[in-house]
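Hydrogens, waters and symmetry mates play no part in the numbers below; they use all other heavy atoms, side chains included. Along the sequence shown, residues are numbered consecutively beginning with 1.
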Amino acid sequence: PRVLELTKQIYDSYELEKVLEILAEYLPEPLFPKALEIAERILDSNIHDIREKAKILEILAKHLPEALLPRVLELTKRIQNDDYYQGLVLGRLAEHLPEALLFMVPELIEQVPSQFYRKEVLQKVAANLPEASWIRALQLVKKMRSAEMQAEVIKGLVMSLPEALWSEVLLLTEQIQDESDQTDVLESLAPHLPKSLLLRALELTERIQDPNRMKRDLGSMAPHLPKS
């Protein structure tokens, strides 16, 4: 405990980061709650910058026992007025979270003000999201005001999407207002779509007004369409 208390006297951000990284690796588990208390004080102080606060949370997430990780996630809310670091720390924390806690991530992503950083985090955590959290994640995509952002997120989610939700994603694609973005998404979806949805995707393609875009999408779908 004495060593942890001494960290309060380290004002240089770089040095504090290095000390905490070493301590976290070798700290006995009973002392982790104390380490978390110190992290909370750092987050509430004006001495260290946002980047350093985000880094401290990332260090803790790597080493803390699972029982304390919900508190670390809650602490991300204290990284305020900086969308970049708020999004960055959420994305990095998600890499260390057990599946049982990933359900909390979509709710925290929703609190990131910037659509751009919301998109970035969603793409980073997609591969690890449990199926139960995907509905909430897709709702976040639907709320995005930018068709371009929606398209980018959907394309980034394709490889991780649970099969049961492909129909929902196709519906989201149908609602994208910009034809160019919609074309890009359909082209990305085509090689991965379940056979049962290919005809529905083809119907969407046939509604595209621009002949070149329609040709692109038809070309990406053709190899996957039923022969008869």
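When all heavy atoms of P106 and L140 are compared, the pair lying nearest together is O-CD1, 3.5 Å.
In this structure, the separation between OG on S146 and CG on D181 is 7.0 Å, given to the nearest 0.5 Å. Rounded to the nearest 0.5 Å, atoms CD (E203) and CG (L197) are 11.0 Å apart.
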Q: Mind running side chain to side chain contact (heavy atoms under 4.5 Å, CB included) on H192 and M159 for me, showing each step along the way?
A: CA-CA 8 Å; H192 309 283; M159 299 304 294; 3.4 Å; yes
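Listed by chain and residue number, nothing satisfies the salt bridge (charged side-chain N to carboxylate O under 4.0 Å, His left out) test with K142 (two or more places apart in sequence, or in another chain). Applying the side-chain hydrogen bond (donor to acceptor under 3.5 Å, both in side chains) test to S167 and every residue at least two apart in sequence or in another chain returns R200. Qualifying side-chain contact (heavy atoms from CB on, under 4.5 Å) partners for I135, counting only residues two or more places apart in sequence or in other chains: Q139, L165. Under the side-chain hydrogen bond (donor to acceptor under 3.5 Å, both in side chains) criterion, K143 pairs with E110, sequence neighbours left out. Scored by the side-chain hydrogen bond (donor to acceptor under 3.5 Å, both in side chains) test, R207 finds E174 as partners (sequence neighbours excluded). Remark: D184 pairs with R216 by the side-chain hydrogen bond (donor to acceptor under 3.5 Å, both in side chains) rule, at least two apart or across chains. Evaluation of the salt bridge (charged side-chain N to carboxylate O under 4.0 Å, His left out) rule for E152 yields K119 as partners, not counting sequence neighbours. Under the side-chain contact (heavy atoms from CB on, under 4.5 Å) criterion, E107 pairs with Q111, R136, not counting sequence neighbours. Applying the side-chain contact (heavy atoms from CB on, under 4.5 Å) rule to V141 yields the partners L122, Q150, V153, I154, L157, L172; only residues at least two apart in sequence or on another chain are considered. Under the rule for a side-chain contact (heavy atoms from CB on, under 4.5 Å), the partners of S220 that lie at least two apart in sequence or sit in another chain are E187, A190, D217.
A 6.0 Å sphere centred on CD of E163 holds no more than 12 heavy atoms belonging to other residues, nucleotides or ligands.
In terms of modelled atom types and a separation under 3.5 Å, the side chain of E131 and the main chain of P162 share no donor-acceptor contact. Between the side chain of E179 and the backbone N or O of Q209, at least one donor-acceptor pair lies under 3.5 Å.
Between I208 and L186, some side-chain heavy-atom pair lies under the 4.5 Å cut-off. Side-chain contact check for T205 versus T183: every heavy-atom pair is 4.5 Å or farther apart. No side-chain heavy atom of W166 sits under 4.5 Å from any side-chain heavy atom of S196.
Neither L171 nor V185 shares a network with the other; the hydrophobic side chains, linked directly or stepwise wherever heavy atoms of I, L, V, M, F, W or Y lie under 4.5 Å apart, form separate groups for each.
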